[in-house]
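We use all heavy atoms of the structure for the numbers below, so side chains are in, but hydrogens, waters and symmetry mates are not.
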Amino acid sequence: MATALPSRDAWDTEVVGRRVVQYVLDVLISALIVLPLTLLVGIGANSDSGTTAWAVLAGLLCGLLTLFWYWVLRPVGTGQTWGMRLLGLRVVRADRSPLTTRDAVARLLLLVVDGLVGLIAMRLSARRQRLGDVVAGTLVVRDRRVLRARGGVVRATLPRDCPRGV
């Protein structure tokens with residue numbers, strides 16, 4: 001479900017620490033989702049029915065589809081994985097429109113490359129973007145609605161070196 005995004009002046013991209021914690025949370029959450037599938041594959045692969053290869057292939061496919069759903073399809077429109085929602089973060093396009101499937105796929109593909117390089121890129125970038133964000137044209141921002149609902153203080157400023165026209 002697409003939601004209205006705050007104005008450019010309300011974006012707070014100073015979320016590098018939160019993004020690191022969010023990434024760890026999302027890895028744990030997605031592992032907990034895929035773990036039952038892995039266990040089922042193990043049970044199917046240990047059977048003597050001669051379907052070991054098919055069971056492994058089916059389990060691998062289910063696991064990959066589940067990860068694709070969690071990291072790509074779930075955030076489309078809302079801009080949030082469950083880890084982002086817990087930490088009050090949201091992915092938005094640089095033009096303030098909601099995240100698209102194409103953007104989410106680009107971010108996911110570069111997440112593998114980003115690792116430590118992405119952390120360095122976020123620290124050096126004016127808008128705290130990792131490589132996947134730059135390629136996808138997205139920003140990760142504080143979700144003001146979540147912070148307000150939790151009674152938190154909302155900072156409504158961009159870094160001084162961040163261009164206002166973007």
Is any side-chain heavy atom of [Y] closer than 4.5 Å to one of [X]?
| X | Y | result |
| --- | --- | --- |
| Tyr70 | Val34 | no |
| Leu87 | Arg19 | no |
| Trp82 | Leu25 | no |
| Gln22 | Thr81 | yes |

Have a look at Asp133 and tell me which of Arg128, Arg107, Arg127 forms a side chain to side chain donor-acceptor pair (under 3.5 Å) with it. Arg107
Report whether [X] and [Y] are members of the same hydrophobic cluster (ILVMFWY, side-chain heavy atoms less than 4.5 Å apart, transitive linking).
| X | Y | value |
| --- | --- | --- |
| Trp69 | Val105 | yes |
| Leu110 | Val134 | no |
| Val27 | Phe68 | yes |
| Leu61 | Ile33 | no |

With rounding to the nearest 0.5 angstrom, report the CG to CG distance, Leu139 to Leu99. 11.0 Å
Can you tell me how far CG of Leu65 sits from CG of Leu73, rounded to the nearest 0.5 angstrom? 9.5 Å
Specify the closest pair of heavy atoms between [X] and [Y], including all atoms of both residues, with the distance to one decimal.
| X | Y | value |
| --- | --- | --- |
| Ala136 | Asp103 | O-OD1, 3.3 Å |
| Leu131 | Ala121 | CD2-CB, 4.3 Å |
| Cys62 | Thr66 | O-OG1, 2.7 Å |
| Gly83 | Asp26 | N-OD1, 2.8 Å |

Check whether Asp143 reaches the backbone of Arg90 with its side chain - one donor and one acceptor, N or O, closer than 3.5 Å. no
So, the side chain of Arg74 versus the backbone of Gln80: is there a donor-acceptor pair under 3.5 Å, distance only? yes
Step-by-step side chain to side chain contact (heavy atoms under 4.5 Å, CB included) determination, Met84 to Val140: CA-CA 9 Å; Met84 288 180 152; Val140 176; 4.2 Å; yes
Is the ring pair Trp71/Tyr23 parallel, tilted or perpendicular, if the boundaries are 30 and 60 degrees? tilted
